[in-house]
Each structure stands twice: as C-alpha cells, then as structure tokens.
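Some notes on the structure that comes next.
Lettering of chains follows the sequences in order, A, B, ..., and the numbering in each one begins at 1. Atom set for the values below is all heavy atoms of this structure, side chains included, hydrogens, waters and symmetry mates excluded.
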Amino acid sequence: MCRMLGYIGAPVLLEHLVVRPDNALLNQTTDAQLLAMLNLAGFGLAAWNDDLHDAHLPLTFHSTNVAVFDANLRALAARLKVRSLVAHLRGVPLDGSATINQQSLHPFQLPGSPLVLAHNGDLAEFGRMRTALWPHIKPDIAKAMTALTDSAFLHALVLSNVDDPAGPFTAESIFRAITAAFNTIRRVRADHGISRSSSVNLVVSDGRALVATRFTFDFGRFEKPPFQGGIEFLSQWFTIGERYGLADGEWKMTGGHGAGTLVASEPLTRDVSTWVEVPEYGALLVDGGDAPSRRIVMIDC
Amino acid sequence: MGLQAGEALAQLDGLSAQACAALAQLAVPFTVASGAAIFRQHDPSDGLYLIESGAVVVTGRTPGDGHVELARLGPGAMLGEFCLLDGGRRSADALAGGECSGWRLDLARFAGLQDAGDAAALALAAALRVQVAARSHDLVSALAATAPEPAEALGLGMVVSADHLTARLQTFPGFDQFSPADWAALAAAGHGHVAPRGRRLDRGAPTLWIVLRGAVQWQTADALQLLVHGPGALAGSAAFVAGAPWPARLLVREDAELFAVPALPDGATGQKLARMLGSALVRDQRRLTRVRARLSAMALA
C-alpha cells in the first residue's frame, strides 16, 4: 500500500502540501492515519510550474530514501512552487518480497509524455497476469518501460489507450483510457481465475487535467488476513477552493468553490472537516486551465 | 436541575422514567456565553449536552472552508449524542446563539456504566440508536428522489456454517471481543448465506447483515451510491434499528458471504453486538453526511 496526492490550482509552495500540515505526505511515512502500515520504500513527485523550461512536462523527483528523512526533498519543497502536482509515497510489504529501486517509484512517466500516474493498491497475483497484459501495451510504450510492477503496467496500459501519449489531454480522455485499462485488467483477471480484492486507486494527470479513481476489483474478496490495506475500501479524499495554505492556524483550502482541487489518499490534516470522499467505484475528473471544471463519475467496469 | 435533565432525556422514545431519573443524577451543569462554542467539529468528545435555556446553532464545515447550518436547537433539545455510541470526535460545530445553559452527561461516566451493564445506560444507548437511525433515514430520504421498486424474493442459500462464521468474524475488529459462548449465541441468532452480485437484500423486515466476504451497497432508485460495506461491516443497521426500510436498495456489490441477523440475541452477546451496532450507525451517518456535503460542493462548483 502507498499514500499519494494530486493538486491542481493556484501556485502553492511544495512544502505546504508534502511537509508542513500535521498529516502531510512525509508524515505518512510512519504515521498514516488511515493505513496501518509503514511507507518506507521511497518517494516520487511530478510537479508543474509555468516558469520551468518545457513547462508542459513535469519536473520529476524520485528517491528511494525514506521520505521523512530525505533532506534533498525537504530542500526542494521549501523552494519550489507548483501549480500542479502528483506525489507518491511508496509502501511495500516488510517481508523483503518487493524490489526497491528508483525505476519502481511513482509517479510513472515516459519520455515525451506529460501524463503521469501514481497508484495506491496492488493487483493480486500480478505475476500470473503480466504475460497476458503485454499484448495490450503499444510497442513503443512497452519499449520505454523501465519497471515491471503492477503500477508500471497500469501506467503503460493507460498510455496505450490514449490517442497520443504526448497529449493534449482532457480529464474525459484520461478517464476513458483508465476505464479501458481497467476493462482489460478485468478480462485478464477473469481469464486467469483471479478474484482476490485488488485496489487501483490512481491519480493520473498531465498537469492541466487530473483524474483520481477510487476503485477495487472484487472488493472484499479476501481469503484471509492480513487484508490488503485493511478491510475498509481504500479511501480517496478531496477538497476544493480558490487557494490552499495556512489560514486561521489551519492548513486548508479557502475561497469557497474556487477552481483549485486537492485530492489525496487521506486528508493532509487530522481534522477532516473540510474534506469529502471520492465515492467507492468512482472517479473525480478535474480540468484546469482556462475553463476549469470538476465532476464525479462512476466507473463502469 | 436533575429533574429537568431527566425531563429532557424523557423525550427519547423507549426510555423509562426510572432510567431518565437515574441518568439525570449523572448530569453536570454547563453554561456557555453567547457566541461561544460548546464544541467544535473534530474536538474530542466529552459527552451529551441537554439544553435547558438559550439556543444552539449547529453548523458543519464544507470544502472551501464554508459553513452550512445543520440545525437550530432550543430548550429541551440534546446535542452531541453520537459520542455516547462511538466515542468519536465531534462531527459539527455547536455555537451558543445566546447565553446557553443546561446539563452534560459525561462520556467517560456513561461508558463506565455501559461497560458495567447498567440498565439505564443500556436503555439510553438503545434510545440513541433509534434516534441516529431515524436521522439517517431522513438524510437518505432527502438524497433519494424516488423510492426504489420493491425487491423480489431473496432466494439465498443457507450455506455458511457456524464454524465458518466464527472463523471469518474472529478476524474483524470488534468481533475479536467475542467469547466462545458469544459465537454460539450469535450463530444461533441468524443464518449464513452466499449471495451473488446484483442480488437485492432489502426485501421484507429489515435485517442486520454482517458482511463476511465481498461487499454490499446502498443505492437510491436513480443509482446514487450511498454506502458500500465490506468485510466485517454491519450493513442495513439503520433500517434494522428503525424497523423500517430505507427508500433505497441494498444490493450485493461483489459476490458475498453474509450472515443475516433478524433480531439481536439476548444477553451479553446481544449487548456486545448492540455496542457495535451503535458505532456502525454513527459511522454510516457520518459517511452519509459526507455524501451530502460532496453533492453540495460539486453542485456549487
């Protein structure tokens, strides 16, 4: 299991999202509120800022350091303002079964494409599915993949279902690609007789549009404990407003129903009063830019 | 003073005069200045408040740091009752609309009495369960534009054994407090079923469904998803307590193993299950409130 967040809105200092709030992503390394697990397997982010060279492509940072101790990340976060962000804290089982390397860190991105993906959850028995999934990945994308994890395949499947990995994208086009990827996975699971609960909570964004899913294949179909991330449906929360920051002593969105959107696997503050949930089996679609819009849709898969 | 607290408690259905008088002895007076907070959303809870004089405005916070008025309460009303059922944090702000005074039934003292099996405390908990169930019913009615069509016959097979029930339930939080005698009493109080995806469970007298595996879902006639319950959850709790169906469908969302309890068992087992039921009612009510907040936020965005 992992923790993650996505943001689109007025420029905000990175540390205000990942370091400063009482339940900021870095604090979730060891003390996540909604997941009884240590998230020690590294950190990654994709950030957009209009002052960067090639501003449509994200600045990325990936490190296998334990995130809460990562001085480079803290230094970067204290200086960088972002108008869009996808950040991910990787958690893996503590039994040595997972490979810890930079290539396996989220958000995944392939050269030339602004579309990044972060995943919270896992695909049960993925090793049995991998071979059957290769034909659904376009050759150029397969050639560029650097990791063979379930999350890397999810990214590759989504990219293989968009018209052009270089974009442009809308939230709707990203959502269609995600749905197509999920339907492929559903078929492959059925073909292989896999029916174990498998969560695919995603944050997918190109910096202008963002889609956050809250979806689990065969939710609750556990054989025995320990349950994947607990027995509650893995959560995905969001809050909206004009601006995010410290106001009246609280880290929160202010400004009523402004265009900014912050989505996270759990609220960044222990007080969840101003956060609501993406519904189970649902997705939040956000289009930023000149004509911002935001809506909830259910995933038909 | 004590008698008046008892009068306020007597408004709860099903609470005897004797129980009201006994509980009133536990109440301690409070006074809050006009405009001051009796409690704030997310505050740790300290008990149930009974209003003798003055007015209280109850508000909830919304994404974007807005506030929405939930209720205006006057003399004789009670507030903060959720905490007596789940011990959780406050779910709303309560501000004195003028100088406000009354009594507070202390959470810690109440919990101690409940643990000791005090009849008055158990009666109050039962009455509060009915009140919270009624509130959930009202909220679902407000969210559901039309009532669903009647469900067909259940047609479930009785295939889950008592041993399997015990083995599954022991892995879930709350049920780990059950003794072998409780397992036997619970198994005798209901029936185990397997149910395929899509099957409706809301036919006939409301039943308490304990999800052993898979998931069930509350959904309105126009397909608005209200709640999803996974393994270990008590589903249909509000309708069960109220003895009246919700204006919504209870559907099997993922192929499921379920244990149906038509009525709480007697004795200690029933009391343990009733405690869990109280927590489930509050949890569901909080989730429904967030569904409403999400719909409101998305409509205004």
- Task: Begin from the C-alpha positions of A:Ser273 and A:Asp271 and carry the test side-chain hydrogen bond (donor to acceptor under 3.5 Å, both in side chains) through to its verdict.
- Result: CA-CA 6 Å; A:Ser273 304; A:Asp271 182 349; 2.3 Å; yes
By salt bridge (Lys or Arg N to Asp or Glu O under 4.0 Å), A:Asp300 pairs with (sequence neighbours left out) none
If you measure only the distance, is there a donor-acceptor pair under 3.5 Å linking the side chains of [X] and [Y]?
X        : Y        : result
A:Gln236 : A:Glu277 : no
A:Asn201 : A:Ser199 : no
A:Asp95  : A:Ser97  : yes
B:Asp182 : B:Ser179 : yes

Minimum heavy-atom distance between A:Pro21 and A:Trp251, given as atom pair plus value
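For A:Pro21 and A:Trp251, the tightest heavy-atom pair comes out as CA-CD1, 3.5 Å.
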Per-residue tally against chain B (heavy atom, under 4.5 Å) across A:Gly220, A:Ser195, A:Gly241, A:Ala247 peaks at A:Gly220
Counting heavy-atom pairs under 4.5 Å with chain B, the top scorer among A:Phe233, A:Tyr244, A:Trp275, A:Trp237 is A:Trp237
Going through the checks in order, is the side-chain hydrogen bond (donor to acceptor under 3.5 Å, both in side chains) test met by A:Arg221 and A:Ser197? CA-CA 5 Å; A:Arg221 302 284 298 166; A:Ser197 193; over 6 Å; no
Residue part contacting chain B, namely of [X], when any heavy atom lies under 4.5 Å:
X        : answer
A:Phe219 : both
A:Leu284 : side chain
A:Arg270 : both
A:Glu242 : neither

Answer key: most heavy-atom pairs under 4.5 Å with chain A among B:His229, B:Arg168, B:Glu257, B:His42 is B:His42
- Between chain A and each of B:Arg287, B:Gln41, B:Arg253, B:Gln217, count heavy-atom pairs under 4.5 Å; write down the option with the most.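 If we count pairs closer than 4.5 Å to chain A, B:Arg253 comes out on top.
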Please classify the contact of [X] with chain A as side chain, backbone, both or neither, using a heavy-atom distance under 4.5 Å.
X        : answer
B:Asp255 : both
B:Arg197 : side chain
B:Thr62  : backbone

